[in-house]
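Indexing begins at 1, ligand by ligand and atom by atom, following the structure's order. Along the sequence shown, residues are numbered consecutively beginning with 1. Small disclaimer: the values here were computed from a predicted structure and weren't measured.
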Amino acid sequence: MPLLQVNNLKVHFPIKSGMLSRVHASVKAVDDVSFSVEQGETLGLVGESGCGKTTLGRAIMKLQEPTAGSVILDGEDIAKLSGGELRARRRKFQMIFQDPYNSLNPRMTVGDIIGESLDIHKLAANQDERQKRIQELLKAVGLDPMHAQRYPHEFSGGQRQRIGIARALAVEPRLIVCDEPVSALDVSVQAQIINLLQDLQKERGVAYLFVSHDLAVVEHISQRIMVMYLGKVVEIGPAKAVVHSPKHPYTQALISAVPVIEIESKRQRIVLSGEIPSPINPPSGCPFHPRCPIAEARCKTEVPVLREISAGQWAACHLAK
Ligand code: SF4
């Protein structure tokens with residue numbers, strides 16, 4: 001059984017207008033998305049901004065109420081949980097953010113930020129045990145345990161991300177949703193945080209859903225990659241296959257825009273014409289058809305379904321082969 005199973009998940013935001021605030025349309029941020037994450041696996045999630053990847057991460061964390069579908073974590077549908085039941089299950093899934101500074105209370109010491117998670121879930125029997133756990137966690141993420149009394153502003157950006165990771169790890173989660181965790185950091189610091197996440201995964205068997213717009217980072221850390229466009233999954237498969245032999249024209253265009261990979265494969269750069277269409281009124285048929293360089297007449301009317309094109313690699317395109 002997979003650790004996480006997402007079935008037909010939809011997150012639609014109603015758009016209201018007029019004196020009576022009638023709903024006249026909806027933004028389909030996540031539209032009928034299904035996938036799974038295995039124990040201890042990293043699934044990379046990529047797409048341009050506005051494709052729905054952050055909303056999907058938030059819906060899995062139940063920070064965003066889904067419109068329809070189920071999110072089954074460890075055999076339990078968390079979309080149906082609320083109140084105390086949800087709080088108790090929160091231990092199993094945690095999130096780390098792009099800007100750790102905004103998610104760390106500036107008036108709390110780092111020790112108390114980490115200790116708060118231990119307190120909520122009653123994971124330390126007494127003060128001594130609490131202190132010991134805090135020190136262990138700081139050490140595990142490469143910070144000096146003696147710095148537990150310092151405040152977030154006394155740390156660099158990379159160190160603050162390490163604090164965010166220590167706080168997430170405090171409750172021994174099974175899954176961490178990493179939302180652009182290295183996008184705000186310098187390249188050299190990015191590599192340190194990625195290495196730390198990989199080491200922690202080896203030691204603790206935690207799974208990651210790694211959300212990023214940076215394909216090179218995602219290829220490095222993920223076993224599988226999922227590509228989203230306008231709220232839908234357009235391709236999913238083994239990381240190497242998706243990056244080096246993409247099947248969907250949108251994935252091909254995304255990858256051709258990454259300079260390092262372009263040099264490696266001598267692949268021609270595919271420049272997509274036009275902006276991403278609005279998710280309020282997505283195009284008919286294949287949502288990618290207005291920008292697709294190989295679109296045919298049927299692409300305007302027939303919605304492509306995800307099909308397995310090669311071992312474990314699925315794409316939603318009529319012409320993929
Ligand atoms: Fe392009 Fe048609 Fe494939 Fe959509 S279904 S990606 S428009 S070829």
Of Arg133, Arg204, Arg90, which is the lone residue that meets salt bridge (charged side-chain N to carboxylate O under 4.0 Å, His left out) with Glu172?
->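 Checked Arg133, Arg204, Arg90 against Glu172; only one passes salt bridge (charged side-chain N to carboxylate O under 4.0 Å, His left out): Arg133.
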
Group every Ile, Leu, Val, Met, Phe, Trp and Tyr by side-chain heavy-atom contacts under 4.5 Å, then state whether Leu86 and Val6 land in the same group.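 Yes, Leu86 connects to Val6 through the hydrophobic network.
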
* Asked: Is it true that Phe13 and Val33 fall in one hydrophobic cluster, defined by side-chain heavy atoms closer than 4.5 Å?
  ->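 Linked, Phe13 and Val33 end up in one cluster.
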
Near atom 1 (Fe) of ligand 1, meaning under 2.8 Å, the protein N/O/S atoms are Cys292 SG

Parallel under 30°, tilted from 30 to 60°, perpendicular over 60°: which one fits the rings of His248 and Phe288? tilted

Kindly indicate, with the supporting measurements, whether the criterion side-chain hydrogen bond (donor to acceptor under 3.5 Å, both in side chains) is fulfilled by Ser34 and Asn7. CA-CA 4 Å; Ser34 301; Asn7 298 315; 5.0 Å; no

So the ring pair (Phe, Tyr, Trp, His ring centres under 6.0 Å) pairs with at least one residue in residues 129-156 (sequence neighbours excluded) are none

